[in-house]
Amino acid sequence: MSKVATRFAPSPTGALHIGGVRTALFNWLFSKNQKGTFHLRIEDTDKERSKDEHKIQIIKSLKWIGVEHDGEEYIQSTKINDHIKIVDELLKNGNAYKCYCTTEEIEEQKKRARQKKLPYIYNRKWRDLSQAEVPKDIKPVIRFKSKIDGTTILKDLVQGDVEIENNTIEDFIILRNDGTPTYNLSATVDDHQMKMTHIIRGDDHKINTFKQMQIYTAMKWDLPQFAHIPLIHTIEGKKLSKRDNASTLDDYSKIGIMPDALRNYLLRLGWSYKDKEIFTIDESIKYFDLKGIGKSPSKLDMSRILSMNEHYIKSIEENDLYNQLLQYCELFKEKIKTDKESKLKSSLSFLKNKAKTLEDIYNNAKYIISDEVELSQEDFKLIDENAKKIILDFSKKFSALENLTKETLETIINDLIKSYKTNFKGVGQPLRIILTGSKFGPGIYDIIISLGKIEVEKRLNKLV
RNA sequence: GGUCCCUUCGUCUAUCGGUUAGGACAGCUGGUUUUCAUCCUGCAAAGGGGGGUUCGAUUCCCCCAGGGACCGCCA
């Protein structure tokens, strides 16, 4: 068998959604596992809706998650002449015909079918009509002469044998009356010319596969293998669409989900390898197979995505984490100044413990990232006269401190707790508020040590 | 309505006829923790229903029910 080649063929009509990303990922993994190639085809034949910016966005998204295609991207719109050539051949060898039905005529038929509650299928009116009766004023469409008798079996690599009656497939249009080819024709010709060996795509394409198989057969082309993967459903159990929120890659990256985490999540959504949950890229290539793909649709679960992300935050190298944080903040929050680097880096060890996302890290590290502490009125109220005294007292003792460690700080705090007859909260909370502007956040010792002596003094002095 | 697909804890899933039906996430206990977390214990939680086949079915077959996808001169 020839070298495995797969493709992902999105239409650039919007941001890539997560189902598409998973399809791309599966195609990519399968090809890499088989030491084959993975290609990207941009199906931009719908000129109204296709946008270059979407194409760029799609490529960027795939790259973000680690899926890179081999070779140049294949632009479908540049191949239209090839597609039309095949339509001509199909016409010549008797596998297609011109249909002169008007849209009104077709609409009428559909309406009638609806009224009778019958499934609409084109009545094949022009299939056997002779050319002599052709109306002059109507531009025809070209329809494929679909099989009427018998059944067809699709040997699906995921779903097994799927058999349908041929007459449930109508004589579908392959060339519009404006002379442009339609999806099923173009996709088939492209897949053949690109020498695709495996077509892995969403389950919603299954009916197209039956149509496309007939084109392959009519053209005497070798059939590729097909695999239809179950769709990703929303939590309500419906097909995920672009309109759903949290459906595009951007929705995840902007809240600080890291590419590896999302990749790992998507990999395990509808696919499994024993009990293994965490896969590096190399491992996923090594273990990926079509057999491991489940047959039932799976629901998107945000808490799993978050937890996967949390796992990666905790387990990747801190340098790597820092770089991802840097990129994330620049893209979605604010650019981190270079002089904050060492403070931030050394704080990562405790910051990451309370973060599920990069956004969480950013929020908890805000007191380091921004120079000015913003106190909300509400928080400010928590600093009463007594608290002020504590802070001033702390400030005095703190200034006398020679080396800043948890132990030395602990002594000071404990002293304060004793002399003011309060508890840890009584001392810790006002300090935390004055230093970070928030009641919540990292441990007070972590905060003080991460800020350093000078910065702490600066912030404490603001109270005076 | 027609065609096709699917059905194991709330969720993602393991099981290739024999298991106390396993793991992970979420949930809930308890412990550690000077906030919140982290970390560590533990608990609870599933084979849609009905028929077969079989010594034995979650696993194989059939029926039903439920859910989903598709039914464009979009891709």
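Just so it is clear: chains get the letters A, B, ... in the order the sequence lines come, proteins before strands, and each one is counted from 1.
- A/N363 has its CG atom 14 Å from the C1' atom of B/A37, to the nearest Å.
- In this entry the distance linking CG of A/L306 with P of B/U38 reads 12 Å, nearest Å.
- A/E163 comes within 4.0 angstrom of sugar-phosphate atoms only, judged by non-hydrogen atoms across all strands, and of no base.
- Contact check, A/T168 against B/C4: no side-chain N or O comes under 4.0 Å of OP1 or OP2.
- Considering OG of A/S77 and NZ of A/K47, their distance stands at 3.5 Å, rounded to 0.5 Å.
- Residue A/K299 places at least one side-chain N or O under 4.0 Å from the OP1 or OP2 atom of B/U11.
- Between A/D82 and A/K79 no salt bridge is recorded (no basic side-chain N to carboxylate O distance below 4.0 Å).
- For B/A24, its base sits under 3.5 Å from the side chain of A/R304 at one donor and acceptor pair at least.
- Contact annotation: A/S298 side-chain N/O to B/U13 OP1/OP2 distance is under 4.0 Å.
- In this structure a side-chain-to-backbone donor-acceptor pair under 3.5 Å is missing from A/N33 to A/L29.
- As judged by a 4.0 angstrom heavy-atom cut-off over every strand, A/K276 is placed among residues making no nucleic acid contact.
- Ranking B/C73, B/U3, B/G68 by closeness to the A/I164 side chain, first place goes to B/U3.
- Here A/V141 lies in heavy-atom contact (under 4.0 Å) with a base.
- Among the heavy atoms of the strands, none lies under 4.0 Å from A/E165.
- Of all nucleotides listed (B/C70, B/C5, B/C73), B/C5 comes nearest to the side chain of A/V162.
- Within the 4.0 angstrom heavy-atom criterion, base atoms lie near A/Y445.
- Ion pairing between a basic and an acidic side chain is recognised when a charged N comes within 4.0 Å of a carboxylate O; A/E318 and A/K345 show no such pairing.
- Here A/I173 lies in heavy-atom contact (under 4.0 Å) with a base.
- Using a 30° and 60° split on the angle between ring planes, A/F279 and A/Y273 fall in the perpendicular class, above 60°.
- Remark: A/K85 does not engage A/E89 in a salt bridge, criterion side-chain N to carboxylate O under 4.0 Å.
- Classification of the A/W221-A/Y216 ring pair by plane angle, with boundaries at 30° and 60°, yields perpendicular.
- Of the residues in residues 202-214 of chain A, A/D204, A/H205, A/K206, A/I207, A/N208 come within less than 4.0 Å of RNA chain B through at least one heavy atom, sorted by number.
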